[in-house]
Amino acid sequence: RGGFASANFNLNGSKGGAYIKEAGVGVDVNFMVCKNWAIGGFAGYDYSGATEGVKVNTVTAGPIATYFLSLGKGFYYSPRVAAGFAYGNTKIETTAGDGKVNSYGFLVNVSPVNFEFRPAKRWGINFSFANIYFNYMSSKGTEDDAVSVSTHGLSADLLRNAGLGLRYYF
């Protein structure tokens with residue numbers, strides 16, 4: 001039945017600063033298991049330097065499922081669900097000293113507002129927004145006496161993580 005690969009990019013500029021505050025890149029590879037369903041996997045990398053002196057690197061990977069509903073003439077509604085593992089590394093540089101924190105956890109992402117336009121047989125342009133997330137993270141500093149902290153959360157956003165993707169069908 002074939003499959004497709006897509007790449008999603010986001011880049012947010014700083015508010016008056018001279019450095020990039022947030023950037024990310026992600027790829028996924030999927031296979032059409034029937035006319036309307038695709039399953040596959042994703043991997044992503046995100047960087048955040050939103051707070052001066054704090055740099056966060058995060059890697060995510062996991063399975064993904066997408067449903068395609070034809071809206072006519074190359075337009076599709078394509079909601080998706082993803083679950084995955086996350087690992088993060090935070091480096092803190094202050095005048096009082098430097099520190100590192102390692103984090104790991106899992107996430108579930110439901111993207112109910114995804115659309116795709118296929119201008120050619122093998123190409124698609126995907127636009128997504130309005131994501132719902134659940135995540136659990138456990139973090140601990142690298143020092144011997146560091147305290148471990150666990151967090152979890154449920155969030156929904158309309159445009160914060162809006163995505164634009166390019167897909168190639170093979």
Side-chain angles (χ1 to χ4, degrees), residues 1-50 55-89 103-137 151-170:
R1 294 213 179 256
F4 62 91
S6 64
N8 297 299
F9 302 95
N10 63 64
L11 180 63
N12 301 315
S14 63
K15 295 180 182 177
Y19 58 93
I20 295 174
K21 288 193 172 191
E22 295 180 348
V25 63
V27 296
D28 55 77
V29 176
N30 300 268
F31 295 93
M32 300 298 291
V33 293
C34 63
K35 182 180 176 182
N36 296 78
W37 283 98
I39 60 171
F42 71 92
Y45 169 78
D46 289 292
Y47 166 81
S48 176
K55 297 176 182 151
V56 181
N57 297 287
T58 307
V59 176
T60 56
I64 193 165
T66 306
Y67 179 77
F68 291 92
L69 176 64
S70 177
L71 300 176
K73 298 196 182 210
F75 287 95
Y76 293 85
Y77 169 62
S78 55
R80 56 189 352 194
V81 176
F85 175 79
Y87 172 77
N89 175 290
S103 304
Y104 64 90
F106 68 89
L107 56 100
V108 176
N109 177 11
V110 177
S111 298
V113 187
N114 273 359
F115 293 94
E116 181 169 311
F117 172 62
R118 296 181 188 161
K121 182 179 178 181
R122 298 207 176 266
W123 291 97
I125 300 167
N126 176 265
F127 178 70
S128 65
F129 61 95
N131 293 291
I132 301 167
Y133 299 95
F134 173 79
N135 64 49
Y136 168 83
M137 292 295 284
T151 60
H152 60 277
L154 178 64
S155 63
D157 62 64
L158 183 59
L159 291 173
R160 181 173 168 248
N161 288 314
L164 182 63
L166 181 63
R167 290 188 171 154
Y168 176 74
Y169 289 83
F170 53 90

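All figures in this text were calculated on a predicted structure; none of them were measured in a lab.
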Check your understanding: Does any N or O in the side chain of Arg118 come within less than 3.5 Å of the main-chain N or O of Gly124, such that one atom is a donor and the other an acceptor?
Key -> no
Point to revise | Side chain proximity check, Arg167 to Glu116, heavy atoms < 4.5 angstrom | key: yes
Exercise for review: Look up atom CD1 in Ile39 and atom OG1 in Thr66, then write down how far apart they are to the nearest 0.5 Å.
Suggested key: 10.5 Å
Exercise for review: Taking the six-membered ring for Trp and the single ring otherwise, decide whether the centroids of Trp123 and Tyr168 are under 6.0 Å apart.
Suggested key: yes
**Study point:** Within 6.0 Å of CG in Leu71, more than 12 heavy atoms from elsewhere
**Key:** yes
**Study point:** Under the side-chain contact (heavy atoms from CB on, under 4.5 Å) test, residues paired with Val113 that sit two or more places apart
**Key:** Phe115, Phe129, Ala130
Check your understanding: Does one side chain, of Ser78 or Asn114, offer a donor that lies under 3.5 Å from an acceptor on the other?
Key -> no
Check your understanding: Which residues pass the side-chain hydrogen bond (donor to acceptor under 3.5 Å, both in side chains) test with Tyr104, sequence neighbours left out?
Key -> none
Check your understanding: Does Tyr67 offer a backbone N or O that forms a donor-acceptor pair with the side chain of Tyr76 under 3.5 Å?
Key -> no
Review point. Taking the six-membered ring of Phe42 as reference, does the NZ or CZ atom of Arg80 fall below 6.0 Å from its centre and within a 45° cone about the axis?
Key: no
Check your understanding: Do Asn109 side-chain atoms and Ala82 backbone N/O form a donor-acceptor pair below 3.5 Å?
Key -> no
Check your understanding: What distance do Phe106 atom CZ and Asn135 atom CG have between them, rounded to the nearest 0.5 Å?
Key -> 8.5 Å
Review point. Is there side-chain contact between Val110 and Asn131, with at least one heavy-atom pair below 4.5 Å?
Key: no
Point to revise | Straight-line distance of Asp46 CG to Thr60 OG1, nearest 0.5 Å | key: 6.5 Å
Check your understanding: Looking at OH of Tyr47 and OG1 of Thr58, how far apart are the two atoms once the value is rounded to the nearest 0.5 Å?
Key -> 11.5 Å
**Study point:** Sub-4.5 Å side-chain heavy-atom contact between Met32 and Phe68
**Key:** yes
